[in-house]
Amino acid sequence: MESWILLGATSAIARAFARRLATEGATLFLAGRDEAELEAIAADCRLRGAAGAEVLAFDARDPAGYPALIERLAAQEGVLNAASFVGSMPEQAAIDAEPRLIAGVIADSFTGPATFLQMLAPLLEARGAGTIVGIGSVAGDRGRLGNYVYGAAKAGFATYLSGLRNRCARKGVHVLTVKPGPVDTSMTWGMKMPFMTSPESVAADIARAVKRRRNVIYSAPIWRLVMTVIRLIPEPVFKKMSF
Amino acid sequence: MDWKQADYTGWGRALSARGEVARPERRAALTGLDAAPAFGMRRSYGDAALNAGGRAIDMTRLDRLLGFEPETGVLSVEAGARIGDLAQAFAPRGWLPAVMPGTGFATVGGCIAQDVHGKNHHHAGSFGVHVAEITLLQGETEITVEPGAPLFRATVGGLGQTGVIVAAKLRMTPCKGDVMLVTERRARDWDEHLAFLDGSTATYTVGWIDATATGKALGRGIVEEGETGAGLVRRRERARRVPMDAPNFALSAPVVHLFNRAYYARVPARGRTLVKPIGDFFFPLDKIHDWNRLYGKRGFHQFQCVVPLAAAPALREMLTEIATSGLASPLAVLKRMGPGRAGFLSFPMEGYTLAVDFPNREAARALIARLEDRTAEAGGRLYFAKDALARGAQIRAMYPELSDWQAEVARVDPDRRFETDLVRRLNLRNA
């Protein structure tokens, strides 16, 4: 029997992924801040076939609360898996007006989940099994005008996941990095963006990548090509571009 | 950003709106929005889901199952959940939504607001008959409404005018499993078609009608009768998508004529019994996503009326006019309805209902106007979920409880915050 903890479980992508896991009969730990919302998602998952669905309080900016979650997971038997969907992207203009917002973005999108996974990893390694899924972003592949603080946080998280993969692979634990492009959620509502994909589609891509033990995926897959091209643009040219 | 400027349409794509749309993903986000009419998957053909120049709330992300009592079969669910999704989740466990419309993409909120019917209407009545409770958001206040209250009857079939339907409790119906045993029979003409529908004892009965057949073959079609069953069945094929707007000749008269002949002939003269996945029987067109694009850019209309049993001859005359017009599409349905309805503005009445799709062309609009006149003369009724063309005075006269509805709506929404294009076009709220 498989158990999954989802960090940031109220996010649209997390919800779609939780539904998939529920229909497969997994046990779910739904972690986040909005308890009423998490309870609704937990009820939904139980009715769709989850062996269990438990709500846990998790605030990326409050690592003091992490050990209680780790303790709960340690008491859970069987294969443990984790997926982090947390992150925040204030508008760049808001950050320009108040640069100290950066600390929150970094905590939500990078240091919070990294700290939690750092605490969790030994548990998975001790059992010699399990998968850790980290949601990065195409924004982390190159800093650009509109969201470079968010991008920097996601780039940091991606580098962290790469190292964690290197470490955990030796102990039978797999680490998957997911880099979604724009996804049709409340975060992007009202923005015009190319190759927009749906939360369900990203969730399906994640599920497939977990089964195939892929290392890094883009969702939609076209973004691997797009970001390869964007990374190849020389800096003297790139700095004059605004997209 | 809560609100974004958007262009959106009804399912028929003949009517559209430009306005601000919000799509909350959390209940708290919904409560924080200013009051506005809500919509789901916009499967109503006309303008029931549209609010041009105003605001509207897309409910499709609030779609969670909230609770289920196996002893009573009562499911508590958010309004944005789709009927097909509920069927898929619960049929393997022996439960189905008690009433399912012809598309599984319809949301719970939409099914309530239109008080939809299904292939079992002759036994089970309309969707609202099986609703045990509705949660309504009126501005910042959330209230629950139960059967018996005038507000319940104003909300079921009430076109969203009493507030945003946020969640509901549905009494599900037991089923034997998630496959359907379907018997298909040829009905050679109008009289035989009605006789089969009248004589059917099946739980689910519907007639596909060849609306291009004339003369002796007028009214011919296939009568499908279904019962739920248990067992194994080939999995549903992956849904296909219509990738672009079809050219205008795609559904021209000769093409439709040929298609209908083949569709009729595919069922052997002695009939046949098939085992199908549940979705294939209830939601046959859902396998083709965006099939409304088959009608091209200008869109299409569906005419649907119900007439009393005694007015069957008038319905036959309507079909004659449709069949000789050369305008009908393959999608045409004939069904016997029972009396079951749950709201002041519910469509069903005991009788026969006929639904036919037409491309959005001048000749078709004129034909629909004549069919609407005939419906009125026959003492029948038009369906708000399908309508895009009706004239206000005529359709208002078809709903004898309109003034009860108006009184209740005026009471709970005096500032007209939930008005939609349909309500304004047909002038439904003015006494």
Side-chain angles (χ1 to χ4, degrees), chain A residues 8-25 28 30 32-50 53 55 85 89-94 146-147 182-193 196 198-204, chain B residues 1-7 19-33 55 57-70 73-82 85-93 95 108 135 142 166-167 169-170 172 178 238-239 241 289:
Chain A
T10 56
S11 92
I13 301 173
R15 278 165 61 174
F17 189 57
R19 271 194 184 168
R20 292 190 74 95
L21 295 173
T23 53
E24 288 167 13
L28 297 175
L30 305 168
R33 285 175 302 169
D34 188 337
E35 198 188 324
E37 208 44 39
L38 290 166
E39 288 294 353
I41 298 163
D44 184 73
C45 288
R46 283 191 287 266
L47 288 170
R48 287 171 193 275
V55 169
F85 297 88
M89 184 174 72
E91 288 191 25
Q92 194 69 42
N147 61 3
V183 186
D184 184 18
T185 66
S186 58
M187 204 188 211
T188 56
W189 185 247
M191 301 183 191
K192 273 219 154 54
M193 291 175 151
M196 185 85 97
S198 69
E200 290 73 25
S201 170
V202 176
Chain B
M1 191 188 310
D2 285 340
W3 301 94
K4 82 165 180 187
Q5 191 74 19
D7 293 300
E20 286 192 314
V21 178
R23 191 188 56 194
E25 289 183 346
R26 300 170 186 228
R27 285 284 275 277
L30 170 68
T31 316
L33 296 172
R55 286 175 158 181
I57 301 172
D58 177 336
M59 297 291 288
T60 52
R61 292 284 163 103
L62 296 171
D63 64 345
R64 288 157 299 196
L65 314 175
L66 300 173
F68 181 68
E69 300 164 17
V74 172
L75 171 71
S76 176
V77 62
E78 286 184 320
R82 304 170 189 187
D85 189 29
L86 302 187
Q88 201 188 356
F90 280 90
R93 285 183 260 168
W95 296 95
V108 168
T135 305
E142 219 175 81
V166 177
K169 288 186 178 167
L170 311 178
M172 308 274 274
D178 60 353
R238 246 183 103 124
R241 183 173 291 278
H289 286 167

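Just so we're on the same page: letters track the sequence lines, and every chain starts at 1.
A side-chain donor-acceptor contact under 3.5 Å links A/D44 to the backbone of B/L65.
Interface residue B/V21: backbone and side-chain heavy atoms are both found under 4.5 Å from chain A. Of the two parts of A/R46, neither the backbone nor the side chain holds a non-hydrogen atom closer than 4.5 Å to a non-hydrogen atom of chain B. For A/T10, the parts lying under 4.5 angstrom from a heavy atom of chain B are both the backbone and the side chain.
Taking chain A as the reference chain and counting heavy-atom pairs below 4.5 Å, the highest number among B/R93, B/Q88, B/E78 is found for B/R93. When A/G49, A/A12, A/S186, A/C45 are compared by the number of non-hydrogen pairs under 4.5 Å with chain B, A/S186 comes out ahead. When each of A/T185, A/T188, A/D34 is checked for heavy-atom pairs under 4.5 Å with chain B, A/T185 comes out on top.
Within residues 35-42 of chain A, the residues that have a heavy atom under 4.5 Å from a heavy atom of chain B are A/E37, A/A40, A/I41, listed by number.
Here CD of B/E69 is found 12.5 Å from CE of B/M172. Values are rounded to the nearest 0.5 Å. A distance of 4.0 Å separates CG in B/D63 from CZ in A/R19, rounded to the nearest 0.5 Å.
Among residues two or more places apart in sequence or in another chain, the side-chain contact (heavy atoms from CB on, under 4.5 Å) test is passed with A/D184 by A/W189, A/M196, B/R23, B/R61.
The aromatic rings of A/F85 and A/F17 sit tilted, their planes meeting at an angle between 30° and 60°.
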